[in-house]
Amino acid sequence: QGQVVESGGGLVQPGGSLRLSCAVSGISFSDHSMGWYRQAPGKQREFVASISRGGVSSYDDSVKGRFTISRDNAKNTGYLQMNSLKSEDTAVYYCTIFGGFWGQGTQVTVSP
């Protein structure tokens, strides 16, 4: 069975940075595109970024220029580097391997 595990969330001040990781097992990681979504309290889950098998990335306008998605197929791991964080980035961040695999989420809180 495929498993997706996020890590790297936490509490950070506005303007700070965090790097989320997405460790994948039981799935042929290099054969799948992957993405990051987030869900803030009281809101629907929303798209943040994605990266194709070949490394082509896409971003929501709200994070463009601040967040960078990447992947290391040799390590079966994806990443989301988040810089210049804002309070509105506060949410649970979920990693998804396209094809129906989701992690349990990691909390990111941006607060003074």
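Only heavy atoms go into these numbers, but all of them, side chains included; no hydrogens, no water, no symmetry mates.
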Colleague: Is there side-chain contact between Phe67 and Ile69, with at least one heavy-atom pair below 4.5 Å?
Modeller: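 Not in contact.
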
Colleague: Looking at side-chain heavy atoms only, is the closest gap between Met82 and Trp36 below 4.5 Å?
Modeller: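 Answer no - side chains too far apart.
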
Colleague: Check whether any side-chain heavy atom of Ser70 lies under 4.5 Å from a side-chain heavy atom of Gln81, and answer yes or no.
Modeller: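 No; the side chains remain at least 4.5 Å from each other.
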
Colleague: Same cluster or not: are Tyr37 and Ile97 linked, directly or through other Ile, Leu, Val, Met, Phe, Trp or Tyr residues, by side-chain heavy atoms under 4.5 angstrom apart?
Modeller: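 No, because Tyr37 and Ile97 fall into different hydrophobic clusters, even though each may have its own neighbours under 4.5 Å.
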
Colleague: Taking C-beta and beyond as the side chain, do Arg38 and Val63 meet within less than 4.5 Å on heavy atoms?
Modeller: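 Counting from C-beta outward, Arg38 and Val63 do come under 4.5 Å.
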
Colleague: Could you tell me if the side chain of Arg66 sits less than 4.5 Å from the side chain of Asp89, heavy atoms only?
Modeller: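 The answer is yes, as the side chains (C-beta and beyond) meet within the 4.5 Å cut-off.
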
Colleague: Answer whether the closest heavy-atom distance between the side chains of Glu46 and Asp60 falls below 4.5 Å.
Modeller: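 Not touching, per the 4.5 Å side-chain cut-off.
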
Colleague: Are Asp61 and Lys64 close enough, and set up right, to give a salt bridge (Lys or Arg N to Asp or Glu O under 4.0 Å), and what steps lead you there?
Modeller: CA-CA 5 Å; Asp61 286 345; Lys64 203 170 291 183; 3.0 Å; yes

Colleague: Mind listing the closest non-hydrogen atom pair of Phe47 and Ser58 along with its distance?
Modeller: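 Smallest heavy-atom distance, with atoms named: CZ-O, 3.7 Å.
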
Colleague: Tell me who clusters with Tyr79, hydrophobic residues only, linked when side chains sit under 4.5 Å apart either directly or through other members.
Modeller: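 Taking Ile, Leu, Val, Met, Phe, Trp and Tyr as members, Tyr79 stands alone, with no cluster partners.
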
Colleague: What heavy-atom pair brings Tyr59 and Thr68 nearest, and what distance separates the two atoms?
Modeller: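 Smallest heavy-atom distance, with atoms named: OH-CA, 3.3 Å.
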
Colleague: Closest heavy-atom contact between Gly103 and Tyr94?
Modeller: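 Closest approach of Gly103 to Tyr94: O-CD2, 3.7 Å.
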
Colleague: Flag yes if Met34 and Phe101 sit in one hydrophobic cluster, no otherwise; membership is Ile, Leu, Val, Met, Phe, Trp, Tyr, and two members link when side-chain heavy atoms are under 4.5 Å apart.
Modeller: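 Result: yes, single cluster for both.
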
Colleague: Which atom names give the shortest non-hydrogen contact between Gly35 and Phe98, and what distance separates them?
Modeller: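 The pair with the smallest heavy-atom distance is N-CE2, 3.8 Å.
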
Colleague: Excluding sequence neighbours, so at least two apart, what forms salt bridge (charged side-chain N to carboxylate O under 4.0 Å, His left out) with Asp31?
Modeller: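 Partners of Asp31 by the salt bridge (charged side-chain N to carboxylate O under 4.0 Å, His left out) criterion come out as none, since no residue qualifies.
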
Colleague: Heavy atoms, side chains only, cut-off 4.5 Å: are Thr90 and Gln107 in contact?
Modeller: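 Contact flag for Thr90/Gln107 side chains = yes.
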
Colleague: Does Gln104 offer a backbone N or O that forms a donor-acceptor pair with the side chain of Glu6 under 3.5 Å?
Modeller: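 Between the backbone of Gln104 and the side chain of Glu6 there is a qualifying donor-acceptor contact (under 3.5 Å).
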
Colleague: Locate the shortest heavy-atom distance separating Gly2 from Ile27; write the atom from each residue and the value.
Modeller: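 Minimum heavy-atom contact is CA-CG1, 3.4 Å.
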
Colleague: Please find the pair of heavy atoms, one from Arg71 and one from Phe29, that lie closest to each other, and give the distance.
Modeller: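 Closest heavy-atom pair between Arg71 and Phe29: NH2-O, 2.7 Å.
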
Colleague: Return a table of donor-acceptor pairs under 3.5 angstrom between the side chains of residues 12-24 and protein atoms on other chains or two or more places apart.
Modeller:
| residue | atom | partner | partner atom | Å |
| --- | --- | --- | --- | --- |
| Ser17 | OG | Asn83 | OD1 | 2.9 |

Colleague: Answer yes or no: are there more than 12 heavy-atom neighbours, outside Glu88 itself, under 6.0 Å from its atom CD?
Modeller: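 Yes - once you tally the heavy atoms of other residues, nucleotides and ligands closer than 6.0 Å, there are more than 12.
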
